[in-house]
Protein chains: 2
Amino acid sequence: MNNGISLKELAAELNLAPSTVSRALNDSYEISEATKKKVISMAEKLNYQPNPFARSLRENKSKTIAVIIPERINYFFSQVIDGIEEITSEHGYHLLVYSTHEDVEKEKKILSLLQNGRADAIVMSVSSQTSDVSHLKRLHDRGLPILFFDRICSEIPTTKFITNDYESAFEGTKHLIQQGCKKIAFLMLSKELSITKERHRGYVDALKMAGMEPEPAFSLHCCHSDEDNTQLIRELLLSSNRPDGILSSVEKLALATYQAVKKTNLSIPDDLKIISFSNMSIAGLLNPSLTTITQPAETIGEECAKLLIKKLTKPRQPDLLNQVITIPSKITIRESTLVR
Amino acid sequence: MNNGISLKELAAELNLAPSTVSRALNDSYEISEATKKKVISMAEKLNYQPNPFARSLRENKSKTIAVIIPERINYFFSQVIDGIEEITSEHGYHLLVYSTHEDVEKEKKILSLLQNGRADAIVMSVSSQTSDVSHLKRLHDRGLPILFFDRICSEIPTTKFITNDYESAFEGTKHLIQQGCKKIAFLMLSKELSITKERHRGYVDALKMAGMEPEPAFSLHCCHSDEDNTQLIRELLLSSNRPDGILSSVEKLALATYQAVKKTNLSIPDDLKIISFSNMSIAGLLNPSLTTITQPAETIGEECAKLLIKKLTKPRQPDLLNQVITIPSKITIRESTLVR
DNA sequence: TTGTAAGCGTTATCAT
DNA sequence: ATGATAACGCTTACAA
């Protein structure tokens with residue numbers, strides 16, 4: 001396609017040297033106001049657009065940020081990306097978005113594509129299969145700024161944004177106990193995930209505080225397939241020693257639970273109460289409406305982006321601090337944990 | 001950050017000229033098998049990664065496709081992007097994803113950022129505010145391949161992928177009539193949208209076929225705000241001449257209807273039946289479960305990508321044909337249109 | 001204040 | 001079969 005005119009052509013049109021035009025467009029102090037004006041108006045007239053690749057090559061910056069998420073069909077991640085884009089677009093950054101589909105091999109492939117400077121930084125949430133982190137470490141060691149959110153990677157010394165996973169899970173479990181649950185199960189995607197660990201700790205501690213012993217069989221390890229998860233949960237619900245409460249550490253497992261319950265003669269909340277981490281706007285429209293722990297997704301995205309922009313645009317910024325920044329979630333109680 | 005070694009450095013390591021190394025890596029016929037092997041193994045050993053910007057600058061190709069959607073928190077668009085990525089990633093293409101948030105000014109800004117070759121092609125669905133299409137035309141005239149899906153732009157002579165909007169809306173409306181609805185309303189985002197026009201035609205024709213006259217007040221023109229839409233729909237439902245059936249041309253308006261109904265003493269499906277275009281996997285978990293017209297989102301994405309890849313990778317391809325390709329939707333009947 | 005020239009990392013053309 | 005060189009479009013020393 002026709003990319004329009006180049007700086008050189010624009011300069012020829014103005015009878016100026018390319019360097020002068022470049023400086024004028026970049027508002028250099030060494031160019032007179034008069035020529036600046038001339039240059040800018042001609043640039044507009046001819047609709048001059050700088051070639052991003054020439055610039056990137058020269059400056060060794062891409063003005064692009066890579067966002068890597070485990071799945072795209074997910075309210076939480078969509079909201080986070082909206083938050084990121086909100087900030088980065090104002091600063092002229094572009095977003096390359098990749099989904100790993102919870103597949104660590106895809107994750108590795110994507111990271112290897114980002115070794116060559118195509119993106120100036122990475123914002124990511126790891127896949128549920130990620131336990132070996134050498135592919136992440138490699139890029140971080142090279143000096144590529146990486147920032148984690150939600151599903152973080154503690155081995156990489158960088159900044160991570162999470163919600164108060166431990167407390168939320170603790171409070172959620174406590175709520176189930178207060179609503180009369182005696183046998184509470186915990187649904188998780190993968191034991192490796194940071195969010196699983198933290199949320200599970202909160203769950204266990206809340207049980208213990210109430211004098212209840214966490215049963216190993218009640219910590220259900222699910223997978224990526226909705227059908228399989230529904231089946232797994234259904235089996236749990238049909239077992240002789242079935243739970244009467246569920247804390248779901250991710251949204252999709254709550255939905256799988258709803259599907260599973262439909263295939264039994266149990267009912268929510270009478271036979272089973274459930275609370276779940278979820279960012280669905282329509283949790284209130286489910287049957288029954290779902291009690292949720294909602295993460296501040298958009299804020300998380302914005303905060304990631306703000307920090308990154310600071311790091312990328314201010315000269316000689318220090319490395320991203322090895323710290324975890326926590327933004328609290330919000331519990332909304334609905335019918336799925338109701339006593340009646 | 002450290003981008004690794006360059007072709008020149010790799011060449012020096014091998015005591016070869018950069019051009020030779022380049023040719024070896026690009027599997028040129030003029031290079032001996034022996035040197036090819038040497039080069040490739042050394043490139044692997046030193047983890048050589050070609051600089052994408054140097055390559056883009058030289059070849060005038062970005063290996064990048066821009067995807068522009070009106071909103072990110074949307075099952076349909078997320079699925080379409082999954083479909084696109086599925087195909088394009090196999091061919092080494094990267095995806096820049098932009099959301100317009102239904103704002104035509106943002107849309108214009110994004111398109112102007114794409115004037116300079118940053119992406120080799122655009123796949124998009126226009127915002128609900130888009131009626132003047134000069135910003136799209138400008139890029140198309142420059143020769144940038146643009147492909148539309150769902151919310152298409154008939155003024156631009158290129159390939160468009162849609163679902164059978166007219167027929168689906170016709171069948172959906174017919175279904176409502178068969179379920180006993182006498183006064184059927186149509187919910188839409190914007191009159192300008194291609195999908196609105198087609199779906200509305202289907203709605204009107206189904207009414208007429210049943211000998212019913214479409215009431216103007218029953219074609220409800222909604223906006224981007226969920227709260228405002230809920231209020232608008234609530235007013236319609238509380239009016240003296242209220243509808244007993246609704247065809248919602250987009251998912252979010254069906255959800256707004258559910259919210260609106262909650263604020264009345266009406267009930268679905270007894271007082272009001274509703275069918276909606278929707279790609280929610282959990283339509284069956286709503287209260288009541290929602291009768292849907294589901295678009296083949298992932299397939300649409302895949303087909304867009306396949307066509308684009310063909311256009312971009314085969315040399316001297318003709319322009320994208322000015323045609324509309326239709327992939328049918330699927331109606332799933334659930335409780336929201338039940339007679340009881 | 002403006003111009004000249006080098007260089008970013010590739011690939012293609014033209015030698016050898 | 002391989003090497004030297006120019007060019008893609010931009011920015012930045014260095015000159016003037």
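In what follows, every chain begins at residue 1, and chains take the letters A, B, ... in the order their sequences are listed.
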Open item on the list: I need the minimum non-hydrogen distance between Ser128(B) and Arg151(B), along with the two atoms involved.
Closed with: N-NH1, 3.4 Å
- [ ] Using distance alone, with no hydrogens and no angle criterion, decide if Thr35(A) and Ser32(A) have a side-chain donor and acceptor under 3.5 Å apart.
- [x] yes
Open item on the list: OP1 or OP2 of dT2(C) versus the side-chain N and O atoms of Thr35(A): is any pair under 4.0 Å?
Closed with: yes
Task: Closest to the Ala54(B) side chain, choosing from dG3(D), dG9(C), dA12(C) - done: dG9(C)
Open item on the list: Without decimals, in angstroms, what is the distance between Arg55(A) CZ and dT12(D) C1'?
Closed with: 14 Å
Task: Gap between atoms CG and P, on Leu25(A) and dT2(C) respectively (whole Å) - done: 13 Å
Open item on the list: From the set dA12(C), dC10(D), dG3(D), return the single nucleotide nearest to any side-chain atom of Thr20(B).
Closed with: dG3(D)
Task: Residue closer to the 5' end of DNA chain C, Pro18(A) versus Glu33(A) (nearest nucleotide) - done: Glu33(A)
Open item on the list: What is the separation between atom OH on Tyr29(A) and atom C1' on dT2(C), rounded to the nearest whole Å?
Closed with: 13 Å
Open item on the list: Any base atoms under 4.0 Å from Ser22(B), or only sugar-phosphate, or nothing? Heavy atoms, all strands.
Closed with: base
Open item on the list: Nearest whole Å is fine: how far is dC8(C) P from Asn3(B) CG?
Closed with: 13 Å
Open item on the list: Side chains of Glu192(A) and Thr130(A) only: does a donor on one sit below 3.5 Å from an acceptor on the other?
Closed with: no
TODO: Could you please name the option among dT1(C), dG3(C), dC10(D) that lies closest to any side-chain atom of Leu16(A)?
DONE: dG3(C)
Task: Any Ser56(A) side-chain N or O less than 4.0 Å from OP1/OP2 of dC10(D) - done: no
Task: Atom-pair distance (CG on Leu7(B); C1' on dG3(D)), nearest Å - done: 13 Å
TODO: Report yes or no: is there a donor-acceptor pair, N or O only, under 3.5 Å between the side chain of Ser19(A) and the base of dT4(C)?
DONE: yes
- [ ] Calculate the interatomic distance between Glu9(A) atom CD and dC8(D) atom P; express it in whole Å.
- [x] 10 Å
Open item on the list: From the set dC10(D), dT1(C), dT2(D), return the single nucleotide nearest to any side-chain atom of Pro50(A).
Closed with: dC10(D)
Task: Between C1' of dT2(D) and CG of Asn26(B), the distance in whole Å - done: 15 Å
Open item on the list: Pick the closest DNA chain D nucleotide for Ile31(B) and for Leu57(B) by heavy atoms, then say which residue is nearer the 5' end.
Closed with: Ile31(B)
Open item on the list: Rounding to an integer number of Å, can you tell me how far Arg23(A) CZ sits from dT12(D) C1'?
Closed with: 7 Å
- [ ] Drop me the distance from Asp82(B)'s CG to Phe77(B)'s CZ, to the nearest 0.5 angstrom.
- [x] 14.0 Å
Open item on the list: Check whether Lys160(B) reaches the backbone of Ile156(B) with its side chain - one donor and one acceptor, N or O, closer than 3.5 Å.
Closed with: yes
